[in-house]
Each structure stands twice: as C-alpha cells, then as structure tokens.
Amino acid sequence: MVGGGQLARMTHEAGIPLGIRFKLLSDTPQDSAAQVVSDVVIGDYRDLDTLRDFARGCDVITFDHEHVPTEHLRALEADGIPVRPGPDALVHAQDKGVMRAKLDAIGIPCPRHRIVSDPQDVAAFAAEGLPEGELERGGHEVPSGKGGGGRRAGGFPVVLKTVRGGYDGKGVWVVDNVEEAAEPFRAGVPVLAEEKVDYVRELAANVVRSPHGQAVAYPVVESQQVNGVCDTVIAPAPDLDETLALKAEELALTIAKELDVVGHLAVELFQTRDGRILVNELAMRPHNSGHWTQDGAITSQFANHVRAVLDLPLGDPRPRAPWTVMVNVLGGDYPDMYSAYLHCMARDPRLKIHMYGKDVKPGRKVGHVNTYGDDLDDVLERARHAAGYLRGTITE
Ligand code: ADP
C-alpha cells in the first residue's frame, strides 16, 4: 500500500487474519501505519524510481490516498504491476474536473458546474445559472418555483475548488463576489466552479468492486461535517426514504462499474431540500464514512478493500446492529488521551476505540470511536460522549 496514514494502518490490520504480507511505502517512520507494519519503505511517492523499487516483488499495489501522479501509475502498469484501482479509474478521484466530465457523460446527477478561467469567468458562471430576467437582481432571492424548481442554482455564492490536491475542505472556497473569487486562482491549478447546493444533509454511498466485477453496497450513511472535516457518521442514514437510498446505492454501483473501480469507492452525496441526490465527490480507497463498518458491518470496508484488490470474493456488507455511529476523535488540549480510556470503557462496554498512534495536535484526526445498538439517540449519545471525553471537551 502506498501511503502511511491511518487508512493503511487499518487496511493492514484487516489483512492480518488472512495472512497477507503487507508492504508499505510511507513518507516517514512516524506515520500512523509505518509504526505497525514490519515491511516499510520510507520514500517519496512522487518519485517514480522510489515507486518502482517499492513495487518490485509486490503482487498488487493499492493506496491510502489519491496523490500518486497518474503518469507514475501508468508506468507501474507498463512494468507489469497490477495497480488497483488503476490509473484510468483513480484519475477521477484525483481530478475533480475529470470526475465531473465523466459523471456528466454517464448521466450521474451533479451540482451545476464548469471549469472557470478567472474571477470574471466566475461571475459569468454565476449569471449562467440564473433564470432569464434575474441577472440584474444578482441572483439573490429567486422566488420558489422559478428556475430549477425553486432551488437557487445561479448567482453568488459560488463554490470554487482547485481540481487537484484538496482534502478535508482545503482547496474549497465559497465566494460571494468577484473580488473573493481571486484567491483560488493563486495556486495556478485549474479551478472548478459549482453552484452552492442547498442541501439538507450529506450522505455517503460506499461500495466495493473486484476485478471480476463483483460488487457489494453498504447501507447509505449520513455524514456530518464540522469545519469541513467529517465529525459523525450514522449508519444507516436516519429517515432516508427507501427509494432514495436505493437510488444512491445504484448510483454508486454504476459509477464503480463505469469507471472500472477496483476496491472501495466512497461516493459523497448531497441530499437537497427538494429531495434530489447529487454527487459531491469520489474517493477510491477506504474512507472515513466507512469506518463504522469495522464494528457495525459483517465485513468491514478494510477487509473488503483487501479482498477486492486481491480479486477474492467479497464479504457481506450488511449491518450487524440497527444503528452504528462513528465519531472522529480530534486532537484537543490533552496530549495524553489514554488516561481517558478507563472512564470511556467503563461507561460503555460496547464502545470500540480506534486510535491511530498520531501525536495529538489540536484539530488533527487522531482516532475514532464506534458504538452500536437499537436506539439511535442512545447510540449517538454514547459515541459523542466517548469522543468528547477522549478529546477533553467533556470531563464527566
Ligand atoms: P474535499 O476535497 O476537501 O473533501 P469537497 O469537494 O468534499 O472537498 O468539499 C468540502 C465540503 O464543502 C463538502 O463536504 C461540503 O460541505 C462543501 N461543499 C463542497 N461542494 C459544495 C457545493 N457545490 N455546494 C455546497 N457545499 C459544497
């Protein structure tokens, strides 16, 4: 696996019972996975020679992030190394412009979007979304029922995204006017403009697909973000209309097939106020919205990712309990989180703690907790309490 973060650490863990030899390319020996994997190469994934040396002797290469340059992946494939997911699939998780163009081509609903060249072009994009006659009003207060069935698809604010290199909300700007639209262009990377979707919540449809074309779908989850970072995941998404849930699962399976994804695919979705589902973005690796599966599903996303990249039959994705909640543990003011275990474990024997071995820095994702049960309010309370107590924001 290329990349030494927590996703690699947990994928390694899932491979242990299968007796799989796991080799890691990590930036530093301190990285989350490098601490626990015995066969570690320290090196830069952006360097082709390093990748080639690393890949020698591997049966298959997979990733804990999407940042390996596409051309390097093609070079590894040309050397005869199976790369899963392959570069032609992975490029859709690397480049939001390529992703949007492909989803348009296969008829998957997305926010209105296009590549923009400068701040003036952003203003033009904003105006293009306005119903006729609304231009002079600046796009604000489009009355319900006009243009796009009551939603405001045009005018400012506009969401701008650098097509490559963003994560956890970095590389995403919400701009209210031409002046603010200047900032994203400073990086010198192409910029994608999107309508600001009026969504009620964010969902994720997670699926896993093998080279044989077998695919499984996990229940659609609700994913709650705080400051652009995933905070809480509820499985399954509460009160989600069954038709909409099925539609989301089908949409994710279609994307996996059409893009020839191998391994875990997370499709981040917006559920709009008017009852539609739009794709926000794709991740082709285990994903934060699937961490609940470690303790809440019959087969975890990590185990199924391992099975998929090795082209083994996939495991059952169904939930073990009516509700599972995952809450991320962010670094707080206490550098030592371990003293909190006593309280957390004693309070909730069903609590599962997953820490990544990272140094605690304020706001940094250092672990997550999963808990499950029959009553959603109770499960949510237990998960939030544990995460808050570990972080130090709850003290009793
Ligand atoms: P990242 O690559 O950082 O994960 P995303 O494209 O997922 O970036 O955007 C980060 C967050 O910004 C999303 O979770 C969502 O809350 C918000 N966002 C992104 N695109 C839109 C949009 N078109 N409309 C409204 N909110 C958006």
Side-chain angles (χ1 to χ4, degrees), residues 3 5 7 63-67 90-104 108-116 122 125-126 128-129 139 142 148 151-176 180-181 183-184 187 189-206 220-234 237 248 252 255 264-274 276-291 328 330 363-365:
L7 301 178
F63 313 92
D64 107 325
H65 59 69
E66 42 270 313
H67 304 313
L90 201 60
V91 68
H92 301 94
Q94 296 178 320
D95 188 309
K96 294 182 205 252
V98 174
M99 179 265 289
R100 286 280 180 244
K102 179 70 180 182
L103 296 188
D104 283 350
I108 301 288
C110 291
R112 190 176 72 81
H113 63 90
R114 76 168 167 80
I115 297 288
V116 282
V122 176
F125 170 84
E128 284 159 20
V142 175
R151 73 199 165 98
R152 192 179 66 197
F156 284 101
V158 166
V159 179
L160 297 178
K161 302 178 175 183
T162 49
V163 294
R164 278 179 179 260
Y167 66 97
D168 282 352
K170 295 178 183 69
V172 177
W173 293 261
V174 181
V175 299
D176 278 315
E180 286 178 21
E183 177 67 23
V189 180
V191 175
L192 178 75
E194 292 180 356
E195 72 174 282
K196 184 164 187 300
V197 177
D198 183 19
Y199 61 86
V200 277
R201 59 176 167 174
E202 293 188 60
L203 304 171
N206 290 334
V220 175
V221 298
E222 176 173 333
S223 152
Q224 300 174 353
Q225 326 285 320
V226 175
N227 301 327
V229 179
C230 175
D231 179 78
T232 302
V233 171
I234 305 173
I255 295 172
H264 188 266
L265 167 72
V267 181
E268 295 180 18
L269 301 162
F270 296 127
Q271 182 181 352
T272 66
R273 215 162 286 283
D274 55 1
R276 292 169 308 135
I277 279 182
L278 303 174
V279 173
N280 176 26
E281 69 162 351
L282 309 179
M284 293 178 198
R285 50 172 169 76
H287 190 254
N288 205 161
S289 65
H291 288 359
N328 275 333
L330 301 186
R364 185 184 201 194
K365 275 187 206 171

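Given the structure is predicted, the values throughout are model-derived calculations rather than measurements. Sequence positions, counted from 1, serve as the residue numbers for this chain. Whatever order the structure lists them in is the order used to number ligands and atoms, beginning at 1.
Note: an N/O pair closer than 3.5 Å links E195 and ligand 1 by distance alone.
Of all the heavy atoms of N280, the ones lying under 4.0 Å from any atom of ligand 1 belong exclusively to the side chain. Residue contacts with ligand 1 for V197 involve both N, CA, C or O and side-chain atoms from C-beta outward (heavy atoms, distance under 4.0 Å).
Checked by atom type, the side-chain pair H291/N328 shows no donor-acceptor distance below 3.5 Å.
Taking CD of E66 as the start and NE2 of H92 as the end, the distance is 13.5 Å to the nearest 0.5 Å. Here the straight-line distance linking atom CG of D64 with atom CG of L7 works out to 5.0 Å at 0.5 Å rounding.
D95 contributes a side-chain N or O that, together with a main-chain N or O of G97, makes up a donor-acceptor pair within less than 3.5 Å.
When the heavy-atom distances from atom 8 (O) of ligand 1 to K196, K161, E268, K96 are ranked, the shortest goes to K96.
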